[in-house]
S.K.: 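Could you have a look at this structure, given as structure tokens, before my questions?
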Amino acid sequence: MNTKAFASQADLEEKQVSFTKLSDNAYAYTAEGDPNTGVIVGDDAVMVIDTQATPVMAQDVIRRIREVTDKPIKYVVLSHYHAVRVLGASGYAPEHIIASRDTYDLIVERGEQDKASEIGRFPRLFRNVESVPAGLTWPTITFSGRMSIWLGKLEVQLIQLGRGHTKGDTVAWLPEQKILFSGDLVEFDATPYAGDAYFQDWPQTLDNIAALQPRALVPGRGAALTTPEQVAAGLAGTRAFVSDMWAQVKAGVAAGQALNAVYKATYAALKPKYGHWVIFDHCLPFDVTRCYDEATNHVDPRVWTAERDRQMWQTLEG
């Protein structure tokens, strides 16, 4: 049996970038299933939601922004804290970096370990990693529940609609235009990474997104969803994946099966339906491990370290 290359170390193929205009104020920077960045252009300033993984990679986002506006990039919003989303922040030289208090607490608890873990998993997504300054990306503003940022007369609502991908998940919402930036709470044709997830909470959080009735949505990965029908499909696909995995793993735990057996059964059950989604093989070991933890005795996600990553991969894929 061939051992799979660890995580996504063998993924070296560059992706085609799209910069999609959703309104006069909202843009989506997407790249065929690589992490997305949202851009909001207000009256007097620009807000960036999720930064890319390195300051060098952020320069490509800035180049696209400069094609549509010369307004200063004042705000960076972290939809959650994963290295691939936040380590490019310094490239924008923003006045403020905004995150939920729950996200701040995760940085304190596990920021350094997460950084080392993610860089090891997926080298291509950390192009020019040497450009990342030492230390972590720290918010300068935190909030709980919700807050509004006014870009002149344009209101951007930052809202915690519930736990899902992480405990700190934040969406950015343009209420007048009904455009939502979901971070990794929603994916489209891309496998949700759930190594830090709350499986039992996630479907309700997706229902809370649906209740806002977005007419367009920028997911964490995958193409921008530009119609209510596409938004519904993105929400339904993410919900189905999370729910299918929870049901499968919970059944394995109830039958007294060990993690290895549960992983193999879950992989076999989900592969026909979701195997064509980007990073399916990368995510599944991490996702099933976290799901198994939640179904047994770890209410909150355990910290991933580079060493734990390798041990888990060897156990499930070796």
Side-chain angles (χ1 to χ4, degrees), residues 33 36 79-80 82 102 159-171 180-214 217-223 225 228-302 304 312 316:
N36 293 339
S79 69
H80 62 287
H82 278 143
D102 289 322
I159 316 172
Q160 288 181 272
L161 289 169
R163 302 185 300 191
H165 177 68
T166 72
K167 79 170 182 179
D169 293 330
T170 298
V171 303
L180 188 114
F181 299 82
S182 71
D184 283 322
L185 279 169
V186 183
E187 313 289 23
F188 187 65
D189 283 347
T191 310
Y193 171 74
D196 298 307
Y198 290 84
F199 278 87
Q200 294 169 91
D201 292 13
W202 201 334
Q204 179 60 55
T205 303
L206 294 171
D207 289 348
N208 297 343
I209 290 176
L212 292 171
Q213 298 183 312
L217 185 149
V218 181
R221 291 173 178 267
L225 308 174
E229 293 75 23
Q230 287 181 354
V231 172
L235 289 167
T238 305
R239 186 189 291 105
F241 177 88
V242 171
S243 302
D244 288 353
M245 177 168 289
W246 176 251
Q248 188 71 35
V249 171
K250 204 163 181 330
V253 168
Q257 293 176 341
L259 173 61
N260 206 300
V262 171
Y263 172 66
K264 288 182 169 58
T266 304
Y267 186 96
L270 269 57
K271 177 81 173 175
K273 189 171 174 183
Y274 306 107
H276 62 289
W277 283 3
V278 173
I279 63 169
F280 179 83
D281 282 359
H282 170 120
C283 288
L284 230 67
F286 298 98
D287 291 6
V288 173
T289 299
R290 167 57 197 150
C291 196
Y292 189 90
D293 271 4
E294 186 175 336
T296 50
N297 56 1
H298 293 279
V299 177
D300 296 302
R302 291 187 286 155
W304 291 100
M312 179 276 298
L316 298 186

S.K.: In this structure, which one of L284, V288, T289 forms a side chain to side chain contact (heavy atoms under 4.5 Å, CB included) with L316?
M.R.: T289
S.K.: Using modelled atom types and a 3.5 Å cut-off, is there a donor and acceptor pairing between side-chain atoms of N208 and backbone atoms of L161?
M.R.: yes
S.K.: Return the minimal non-hydrogen interatomic distance between S243 and P203, and the atom names on each side.
M.R.: OG-CG, 3.9 Å
S.K.: Nearest 0.5 Å, please: how far is CG in L185 from CG in L235?
M.R.: 10.0 Å
S.K.: Only pairs under 3.5 Å count here: list side-chain donor-acceptor contacts from residues 244-259, not counting sequence neighbours, and write none if there are none.
M.R.:
unit_1, atom_1, unit_2, atom_2, d
D244, OD2, K273, NZ, 3.1
D244, OD2, Y274, OH, 2.6

S.K.: Can any side-chain N or O of R290 pair as donor or acceptor with the backbone N or O of G195 at less than 3.5 Å?
M.R.: no
S.K.: Is the gap between the ring centers of Y267 and F280 under 6.0 Å?
M.R.: yes
S.K.: Please give me the minimum heavy-atom distance between G234 and L225, naming the atom from each residue.
M.R.: CA-CD1, 4.0 Å
S.K.: Taking atom types as modelled, find out whether D196 and H82 have a side-chain donor-acceptor pair closer than 3.5 angstrom.
M.R.: yes
S.K.: Between T296 (side chain only) and D293 (backbone N and O only), is there a donor and an acceptor less than 3.5 Å apart?
M.R.: yes
S.K.: Only one of H80, Q160, R163, K167 clears side chain to side chain donor-acceptor pair (under 3.5 Å) with D102; which?
M.R.: Q160
S.K.: Just how far is it from atom OH of Y193 to atom CG of D184, taken to the nearest 0.5 Å?
M.R.: 10.5 Å
S.K.: Consider only side-chain N and O atoms of D169 and T166, and report whether a donor and an acceptor are under 3.5 Å apart.
M.R.: yes
S.K.: I need the D287 CG to H282 NE2 distance, nearest 0.5 Å.
M.R.: 8.5 Å
S.K.: For the backbone of A197 and the side chain of W202, can you confirm whether one donor and one acceptor N or O come within less than 3.5 Å of each other?
M.R.: no
S.K.: Against I209, only a single residue in V231, T238, L217, I159 fulfils side chain to side chain contact (heavy atoms under 4.5 Å, CB included); can you say which?
M.R.: L217
S.K.: Indicate yes or no for a side-chain donor-acceptor contact from E187 to the backbone of R221 under 3.5 Å, with no hydrogens or angles considered.
M.R.: yes
S.K.: Are any side-chain N or O atoms of S79 and backbone N or O atoms of T170, one a donor and one an acceptor, separated by less than 3.5 Å?
M.R.: no
S.K.: Between P219 and G222, which heavy-atom pair has the shortest distance, and what is it?
M.R.: CG-O, 3.7 Å
S.K.: For D189, what residues pass the side chain to side chain contact (heavy atoms under 4.5 Å, CB included) criterion, not counting sequence neighbours?
M.R.: W277
